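The block underneath contains the structure these notes are about, expressed in structure tokens.
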Amino acid sequence: MEEVKVEKPLNFLEKIIEDDLNNNRVPNGEIVTRFPPEPNGYLHIGHIKSICINFGLAQKYGGRCHLRLDDTNPEKEETEYIESIKEDIKWLGFDWGKHEYYASDYYDKLYQIAVNLIKEGKAYVDSLSAEEMKEYRGTLTEPGKNSPDRDRSIEENLRLFEEMKEGKHPEGSFTLRAKIDMASPNINLRDPALYRIKYATHPRTGDKWCIYPMYDFTHPISDAIEGITHSICTLEFEDHRPAYDWATSIDGIEHTPHQYEFARLNINYLLMSKRKLLYLVNNHFVSGWDDPRMPTISGVRRRGYSPESMKDFVARVGVAKVEGVVDYALMEFCVREDLNKRAKRLMAVLDPLLLIIDNYEEGKCEYFDAEDNPEAEVKTSHKVAFSKYIYIEREDFMENPVKGYHRLYIGNEIRLKHAYYVKATSVDKDENGNIIAVHATYDPESKGGSTPDGRKVKGTSHWVSRDHAVKAEVRQYDKLFKAENPGEATGNYLDDLNPDSLVVIENAYVEEEAKKAKVGDYLQFIRNGYYCVDNKDSREDHMVFNRTCTLKDSWAKQKAKMGL
RNA sequence: UGGGAUGUAGUGUAAUGGUAACACUGCAGAUUCUGGUUCUGCCUUUGGGGGUUCGAAUCCCUCCAUCCCAGCCA
């Protein structure tokens with residue numbers, strides 16, 4: 001085997017890191033990154049990008065990546081979210097080892113740093129109300145002005161801050177603020193709040209604290225404490241970098257991490273805002289955070305996407321500072337490419353039409369070998385039962401075939417996959433003229449799916465034997481939104497909800513082999529799509545299959561072009 | 001109208017002063033026991049205008065467009 005080495009171009013973060021490494025700017029040459037979600041919701045596909053960047057960079061350069069739960073706002077955070085976050089990262093295949101941290105681990109240190117800041121005259125307790133503070137802050141074009149409390153004495157600041165911590169003041173009465181510059185063109189530097197009073201129970205620290213540190217104070221210091229070398233976040237934090245650098249240059253903080261920003265992942269047809277996703281969950285537009293239509297990690301997992309395909313997807317998207325919108329089609333491509341290689345092929349008929357093979361012996365049953373996956377290196381197969389009464393897909397028969405149709409119609413011969421060639425002879429109709437059965441004859445010579453004379457057929461249909469097939473529920477999932485940019489047209493994303501995002505087929509027929517399928521297996525229902533076993537609702541006696549995605553369908557395109 | 005950032009095919013990402021490219025999408029065809037897969041080909045690109053240079057996506061000037069920031073959220 002000849003190994004072809006393709007130099008993969010470096011993204012801008014890798015360039016920065018390699019440059020830092022080459023110039024000895026990294027302590028011990030060990031790259032330390034972190035993935036720092038706030039546990040206020042479930043992780044979504046956008047987070048996969050961040051996870052892959054942070055864990056991926058650490059892996060590539062032989063460093064480590066911390067998991068840090070940024071839990072500084074107890075009003076929004078829940079243990080349920082912490083658990084789901086950890087599960088989702090593991091599902092993707094990343095391991096933070098012992099490096100599981102919580103911003104709340106640093107509350108004591110943070111408090112001490114704040115006290116020191118006050119002692120140095122670099123922070124003060126402000127009694128301005130939220131509204132007043134807003135007024136004093138100025139606007140984007142006008143500088144702010146100093147709070148009357150800005151020159152409060154150090155002793156009084158110390159006393160008040162202590163009292164805040166002791167719970168002697170109500171929420172909103174005081175904040176601790178950094179003394180930076182009320183006239184800064186960067187609003188984040190106009191004396192940002194460092195601490196606020198909140199009488200909320202924290203998922204980890206309970207009621208120990210009633211003052212909680214703010215992001216701009218907590219995050220950089222947490223990074224410094226953990227020895228993070230490259231603190232990577234999304235673009236909207238660019239304006240916060242000066243605040244980040246202010247915090248990491250506080251006296252006594254020895255390690256200086258640096259912040260870098262990349263563009264977050266946007267995908268058309270999907271919503272990636274935690275707020276909107278939470279709304280969909282709370283108002284039952286979906287069954288939960290893990291509804292297979294949700295762009296959450298738990299949603300795509302339940303939908304049947306593989307972690308490998310998701311990682312491949314974000315790798316193909318790349319890392320840059322340009323904010324754009326990635327095509328949903330790229331994600332589907334990645335899923336199909338991966339699943340094509342590993343999904344076990346099965347036959348399932350979702351919209352059955354009875355096919356009666358008139359010259360096939362009544363009561364006879366044959367078992368054919370059906371290959372599990374034509375792409376597999378090691379070929380395996382399973383048995384599939386054949387008999388006189390067969391279900392085929394209703395759309396695989398046409399009484400009056402249109403141009404280009406090469407499936408079953410009267411007089412036409414097709415192949416039943418793995419089985420025989422059959423030729424349609426007549427149809428049975430009910431009193432309303434609906435076709436209820438198709439009659440056909442089979443060619444015994446074509447056993448196994450090919451004939452000695454080598455004649456070709458243009459169509460091959462999947463099928464199941466009526467008396468051997470198993471009934472199952474099949475959930476046909478499609479995009480949750482039918483607009484590329486939900487809400488763009490009317491201003492309300494709910495207006496773009498796809499009414500057909502879930503079509504449940506209660507009584508689909510699947511071949512017996514499907515009974516062996518387990519949660520986590522990747523399946524392909526031949527000529528139909530990729531499927532998985534639902535990880536919540538599937539039972540042995542009532543299997544539930546979720547459609548992960550359809551197969552590419554060039555016939556559907558062709559039909560659409562013909563206006564059918 | 002303050003500050004910060006970003007503009008390369010339809011989409012995303014490369015090319016760091018030396019032939020603009022890769023992937024997806026789209027289109028056409030070949031192969032095929034999945035109208036899938038695979039294979040082949042095609043389409044289309046440096047936001048505008050100036051300048052420097054033998055040579056500019058890249059450097060300079062200027063204009064334009066888009067995004068982010070006025071939480072006691074992260």
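Note that the structure is a prediction, hence the values are computed from the model and not measured. Heavy atoms only: backbone and side chains are in, while hydrogens, waters and symmetry mates are out. The chains referred to below are lettered A, B, ... by the order of the sequence lines, with proteins before strands, and numbering in each begins at 1.
Between B:rA74 and A:Thr72, a contact under 4.0 Å exists linking OP1 or OP2 to a side-chain N or O. OP1 or OP2 of B:rC73 has at least one side-chain nitrogen or oxygen of A:Arg196 nearer than 4.0 Å. In terms of phosphate contacts, A:Lys557 brings a side-chain nitrogen or oxygen within less than 4.0 Å of OP1 or OP2 of B:rC27. The side chain of A:Lys321 contributes no N or O atom lying less than 4.0 Å from OP1 or OP2 of B:rG7. Applying the 4.0 Å criterion to OP1 and OP2 of B:rG26, one finds that A:Lys552 has every side-chain N and O outside that range. Within the structure, a side-chain polar atom (N or O) of A:Arg527 is placed less than 4.0 Å from OP1 or OP2 of B:rG35. The phosphate of B:rC72 has OP1 or OP2 within less than 4.0 Å of a side-chain N or O from A:Arg137. Within the structure, a side-chain polar atom (N or O) of A:Ser554 is placed less than 4.0 Å from OP1 or OP2 of B:rG36.
Residues A:Arg415 and A:Thr460 have side chains that bring a donor and an acceptor to within less than 3.5 angstrom of each other.
Within 4.0 Å (heavy atoms only), A:His219 reaches no atom of the nucleic acid at all. A:Ala130 comes within 4.0 angstrom of a nucleotide base, judged by non-hydrogen atoms across all strands. No engagement by A:Ile197 is indicated, since no non-hydrogen atom pair under 4.0 Å with the nucleic acid exists. Residue A:Lys341 is classed as having no contact, given no heavy-atom separation below 4.0 Å to the nucleic acid. Within the nucleic acid shown, A:Leu140 comes within 4.0 Å of at least one base atom, counting heavy atoms only. As judged by a 4.0 angstrom heavy-atom cut-off over every strand, A:Glu261 is placed among residues making no nucleic acid contact. In this structure, A:Met214 reaches the sugar-phosphate backbone alone: every heavy-atom distance under 4.0 Å involves primed, P, OP1 or OP2 atoms, never a base. Contact annotation for A:Arg345: base contact, defined as any heavy-atom pair under 4.0 Å involving a base atom. Residue contacts for A:Gly404: at a heavy-atom cut-off of 4.0 Å it reaches a base atom on one of the strands shown. Residue A:Asn73 is in sugar-phosphate contact alone, with no base atom involved, counting any heavy-atom pair closer than 4.0 Å across all strands shown. Backbone-only engagement by A:Gly324 is indicated by non-hydrogen atom pairs under 4.0 Å involving sugar-phosphate atoms exclusively. As judged by a 4.0 angstrom heavy-atom cut-off over every strand, A:Pro143 is placed among residues making no nucleic acid contact. Within 4.0 Å (heavy atoms only), A:Glu75 reaches no atom of the nucleic acid at all. If you check every strand for non-hydrogen atoms under 4.0 Å, A:Tyr405 touches a base.
For the C1' atoms, the distance from B:rU52 to B:rC61 is 11 Å, rounded to whole Å. Taking atom P in both B:rU46 and B:rG10, one finds a spacing of 9 Å when rounded to whole Å.
Applying the 3.5 Å distance criterion, the base of B:rG36 shares a donor-acceptor pair with the side chain of A:Glu375. Side-chain to base pairing of A:Glu323 with B:rU66: no donor and acceptor N or O lie closer than 3.5 Å to each other. You'll find a donor-acceptor pair under 3.5 Å spanning the side chain of A:Asp239 and the base of B:rG3, going by distance alone. No donor-acceptor contact under 3.5 Å links the side chain of A:Arg336 to the base of B:rG36.
Under the Watson-Crick or G-U wobble criterion, with both distances below 3.5 Å, B:rU66 is paired with B:rA5. Of the nucleotides present, none pairs with B:rG35 by Watson-Crick or G-U wobble criteria with both distances under 3.5 Å. Remark: B:rU44 base-pairs with no nucleotide; criterion is Watson-Crick or G-U wobble with both hydrogen-bond distances under 3.5 Å. Nucleotide B:rC24 is matched to B:rG10 when pairs are restricted to Watson-Crick or G-U wobble geometry with both distances under 3.5 angstrom. Nucleotide B:rU58 forms a pair with no other nucleotide shown, judged by Watson-Crick or G-U wobble geometry with both contacts under 3.5 Å. Figure legend. B:rC72 is base-paired to no nucleotide; pairs are counted as Watson-Crick or G-U wobble with both atom distances under 3.5 Å.
In this structure, A:His240 and A:Gly459 both approach RNA chain B, and ranking their closest nucleotides by distance from the 5' end singles out A:Gly459.
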Review point. A:Lys168 and A:Glu162: salt bridge (charged side-chain N to carboxylate O under 4.0 Å, His left out), yes or no, with the steps?
Key: CA-CA 9 Å; A:Lys168 293 186 177 157; A:Glu162 169 90 21; over 6 Å; no
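Taking the 5.5 Å centre cut-off and the 30° plane limit, the aromatic side chain of A:His406 is classed as stacked on B:rG35. In this structure, A:Tyr215 does not count as stacked on the base of B:rA74 under the 5.5 Å centre distance and 30° plane angle limits.
Spacing between atom CG of A:Leu265 and atom P of B:rU11 amounts to 16 Å, rounded to whole angstrom units.
Considering only heavy atoms from C-beta on, A:Phe35 comes within 4.5 Å of A:Leu43 through its side chain.
Closest approach of A:Asn188 and A:Asp239 over heavy atoms only: ND2-O, 3.1 Å.
An anti base is found at B:rG41: its glycosidic angle is more than 90° from 0.
Nearest to the side-chain atoms of A:Asn340 among the listed nucleotides B:rU37, B:rA23, B:rU34 stands B:rU37. Of the candidates B:rG36, B:rA74, B:rG7, the closest approach to any side-chain atom of A:Leu551 belongs to B:rG36.
Under the 30°/60° scheme for interplanar angles, the aromatic rings of A:Tyr42 and A:Trp289 are found to lie parallel. Using the six-membered ring where Trp is involved, A:Tyr107 and A:Trp209 have ring planes that are perpendicular, over 60° apart on the 30 and 60° scheme.
Checked against a 6.0 Å centroid threshold, the rings of A:Tyr328 and A:Phe313 do not count as neighbours. Taking the six-membered ring for Trp, A:His219 and A:Tyr215 have ring centres closer than 6.0 Å.
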